[in-house]
Amino acid sequence: MCQCIFPAGFTAFESLHKTKEGKIVPVSVHVRIIETEDGELVNLVQYHDISQKQEAERLLEKMHQQLKSLFQFNPDFIFMLNVQGFFTNVNPAAVPVDL
């Protein structure tokens, strides 16, 4: 029966769980089927609070959007070069309007 639920013997997912204090927190859940010394199959379940990770990802995405906006809409010529000195990115201000 366990093989039908978790074909690989384990699964992982994210969920919301309530703490003892009643606070709802995002968690990463890892479930693994293990066999005891008696031959019984049991589920080993691990929960990890991922609220700080999610907040860091949200802030990183916000900073990315701000940087992208600054790059896209800046009236000044902005460019990026790789270590060989080749252009890898330029903003719209760098592209000549009159061709």
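We number each residue from 1, following the sequence as shown.
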Transitively linked via ILVMFWY side-chain contacts under 4.5 Å: Val45 with Leu16?
-> no
For Asp38 and Thr36, does a side-chain donor sit closer than 3.5 Å to a side-chain acceptor?
-> no
Residue pair Pro26 / Ser51: nearest heavy atoms and the distance that separates them | CG-CA, 3.6 Å
For the residue pair Ser28 and His30, what are the closest heavy atoms and their distance?
-> OG-NE2, 3.1 Å
Flag side-chain contact, heavy atom, 4.5 Å: Val42 against Ile34 | yes
CG on Asn43 to OG1 on Thr11, rounded to 0.5 Å | 10.5 Å
To the nearest 0.5 Å, how far apart are CD in Glu40 and CD in Glu35?
-> 10.0 Å
Does one hydrophobic cluster hold both Tyr47 and Phe13, with members joined at side-chain heavy-atom distances below 4.5 Å?
-> yes
Show the atom names and distances, to 0.1 Å, of all donor-acceptor pairs under 3.5 Å that link a side chain in residues 62-81 to residues at least two apart or in another chain.
unit_1 : atom_1 : unit_2 : atom_2 : d
Gln65  : NE2    : Glu61  : OE2    : 2.8
Asn74  : OD1    : Asp76  : N      : 2.8

Gap between atom CD of Glu14 and atom CD of Gln54 - 0.5 Å precision | 5.5 Å
Has Gln84 got more than 12 heavy atoms of other residues, nucleotides or ligands less than 6.0 Å from its CD?
-> yes
Side-chain H-bond candidate by donor/acceptor type, Thr19 with His17, under 3.5 Å = no
When hydrophobic residues are tied together by side-chain contacts of less than 4.5 Å, even through go-betweens, does Val29 share a cluster with Val25?
-> yes
